[in-house]
Amino acid sequence: MKAIQIKKTGGSEVLEYGEVSNPLPGAGEALVKIEAIGVNFIDVYHRTGLYPLPLPFTPGSEAAGRVAAVGPGVTEVKEGDRVAYAMARGAYAEYACVPVRQLVTVPNEIDSRTAAATMLQGMTAHYLLKSTYPVKSGETLLIHAAAGGVGLLVCQIGKKLGARVIGTTSTAEKAALARQAGADEVILYSTQDFESEVKRLTDGKGVQVVYDSVGRDTYLKSLNCLAPRGMLVMFGQSSGAVGSFDPLLLSQHGSLFLTRPSLAHYTANAEELRWRAGELFEWIKSGALKIRIDRTYPLRDAAQAHRDLEARKTAGKVLLIP
Ligand code: NDP
């Protein structure tokens, strides 16, 4: 089969497209014929070695397609079932073997591209707003990179939960997309000081929660945007890693809470994973949640997809098609 392989970590040029042997499903696994692959920042971290993986490997953590075969003992899915998954390795390929506990069945109304675009960023937005800091009606949240894959979903789910949503984006075009997704206010953090803007927009009170995936460039000012006893949810580092952190900062800024969550711990078992994916699929079917597929590339062009994601050119989901 065709797949992308990484033999050494580095820039986008280490993503090699070529022929590899077909995988065989082991006990508890299904072989999925992939129809659409989600591109995520975690793939960049695996490629650069920030999150180390044994070499060589096929990158990619998210896809949707059809079950082509099942391994010994598998009864949960059968050949032909439409499935999707996140946080399983080797998605940049025509086929992947996936533990069945990570598979969800895709409803007929949802096509494979939408399903692949929903799983990782969708379940992330879901756990951030419903579990990490369960945002309450009437509260104000700040979401950085509000027109990003996760960002557009946080805007929509935040509004659905009754919150006031303040977003940041780097361009006016991205700001318009965040507004369409429901953001009440959007700050152009490339030209405006987002800390003073948040203070102005909240009459000096600050917000209850900041969902910060930008990391190095934003986290200190994010602390200043919080109301006393608010929570900084640091869930990514698109601008670079944050490094060491002095807990005294939390006390100085108002007895704040800091957490650094990961999707893996919020889809800890099949029940939790299916609850999150199931709610997302229901919202999509009812029209309450819109998935914005920004760009699709042939699988062989994975390197270009990474370059565009890292260069902040994308707004919403990036897919590869095998
Ligand atoms: P996005 O679509 O949000 O893309 C990243 C965005 O970050 C860019 O479009 C850009 O938006 C903004 N950004 C700000 N500074 C930089 C920079 N220096 N370089 C690149 N981008 C920058 O990506 P995703 O939605 O896929 O992921 C967002 C973040 O969330 C990632 O850091 C990812 O690792 C993290 N994540 C964490 C998860 C978890 O469980 N902890 C799960 C899923 C994602 P703008 O141009 O508007 O500034």
Side-chain angles (χ1 to χ4, degrees), residues 2-20 34-53 55-64 86-87 89-94 96 113 116-122 124 144-153 168-178 188-191 212-218 235-242 263 291-322:
K2 293 281 194 256
I4 299 286
Q5 271 214 304
I6 292 183
K7 296 178 184 146
K8 61 172 196 296
T9 54
S12 59
E13 70 285 352
V14 303
L15 296 165
E16 286 181 30
Y17 180 74
E19 196 68 29
V20 302
I34 293 175
E35 292 171 355
I37 302 155
V39 176
N40 294 285
F41 244 93
I42 192 169
D43 309 340
V44 174
Y45 304 146
H46 287 148
R47 192 201 75 213
T48 60
L50 179 69
Y51 296 172
L53 288 179
L55 295 163
F57 66 92
T58 291
S61 319
E62 175 181 48
M87 303 299 273
R89 304 260 175 79
Y92 286 16
E94 290 179 308
R113 292 186 182 205
T118 302
M119 293 298 291
L120 201 147
Q121 293 165 339
T124 299
H144 289 305
V150 177
L152 287 173
L153 300 170
T168 60
T169 64
S170 63
T171 68
E173 293 74 24
K174 287 186 175 185
L177 291 171
L188 285 187
Y189 61 178
S190 46
T191 54
D212 188 337
S213 68
V214 172
R216 189 175 57 202
D217 290 354
T218 47
F235 71 99
Q237 57 263 314
S238 302
S239 68
V242 164
L263 176 59
I291 302 295
R292 182 170 199 278
I293 297 173
D294 188 54
R295 290 157 195 238
T296 59
Y297 303 77
L299 175 59
R300 63 167 67 242
D301 294 339
Q304 187 60 47
H306 275 217
R307 283 193 285 276
D308 291 346
L309 182 67
E310 289 176 271
R312 305 167 82 159
K313 289 186 182 160
T314 64
K317 190 67 198 178
V318 177
L319 292 178
L320 302 174
I321 307 301

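Model, not experiment: these values are computed from the prediction.
- Arg307 is listed as a side-chain neighbour of Ser12, based on a closest heavy-atom distance under 4.5 Å.
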Throw together a table of side-chain donor-acceptor distances under 3.5 angstrom for residues 296-303, partners on residues two or more places apart or in other chains.
unit_1 : atom_1 : unit_2 : atom_2 : d
Tyr297 : OH     : Asp308 : OD2    : 2.6

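- Among all heavy-atom pairs drawn from Ala175 and Thr169, the shortest one is N-OG1, 3.4 Å.
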Starting from the C-alpha separation in whole Å, work towards a yes-or-no answer on side-chain contact (heavy atoms from CB on, under 4.5 Å) for Gln237 and Leu50. CA-CA 11 Å; Gln237 57 263 314; Leu50 179 69; 4.2 Å; yes

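- Nearest heavy-atom pair, Glu310 versus Phe41, reported as atom, atom and distance to 0.1 Å: CA-CZ, 4.4 Å.
- Without hydrogens or angle criteria, Ser190 side chain to Ser170 main chain gives a donor-acceptor distance under 3.5 Å.
- Summarising the geometry, atom CD belonging to Gln5 is positioned 11.0 Å from atom CG belonging to Leu15; distances are rounded to the nearest 0.5 Å.
- Heavy atoms only, all atoms of each residue included: Val214 and Ser239 are closest at O-OG, 2.5 Å.
- Residues Ala305 and Leu320 come closest through the heavy atom pair CB-CD2, 3.9 Å.
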Test side-chain contact (heavy atoms from CB on, under 4.5 Å) applied to Lys317 and Asn40, step by step: CA-CA 8 Å; Lys317 190 67 198 178; Asn40 294 285; 2.9 Å; yes

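- Counting non-hydrogen atoms of other residues, nucleotides and ligands closer than 6.0 Å to CZ of Arg292 gives a total above 12.
- A donor-acceptor contact closer than 3.5 angstrom links the side chains of Asp43 and Tyr92.
- Applying the side chain to side chain contact (heavy atoms under 4.5 Å, CB included) test to Ala86 and every residue at least two apart in sequence or in another chain returns Met119, Leu120, Met123.
- At a threshold of 4.5 Å between non-hydrogen side-chain atoms, the residues Ile321 and Arg113 count as touching.
- The shortest non-hydrogen separation linking Ala63 to Ala91 is CB-CB, 4.2 Å.
- For the pair Lys2 and Glu94, the tightest heavy-atom approach, listed with the atom from each and the gap, is N-OE1, 2.7 Å.
- Judged purely by atom type and a 3.5 angstrom limit, Ser61 has no side-chain atom pairing as donor or acceptor with the backbone of Arg89.
- Within the structure, the salt bridge (charged side-chain N to carboxylate O under 4.0 Å, His left out) test picks out the following pairs touching residues 3-15 (sequence neighbours left out): Lys7-Glu16.
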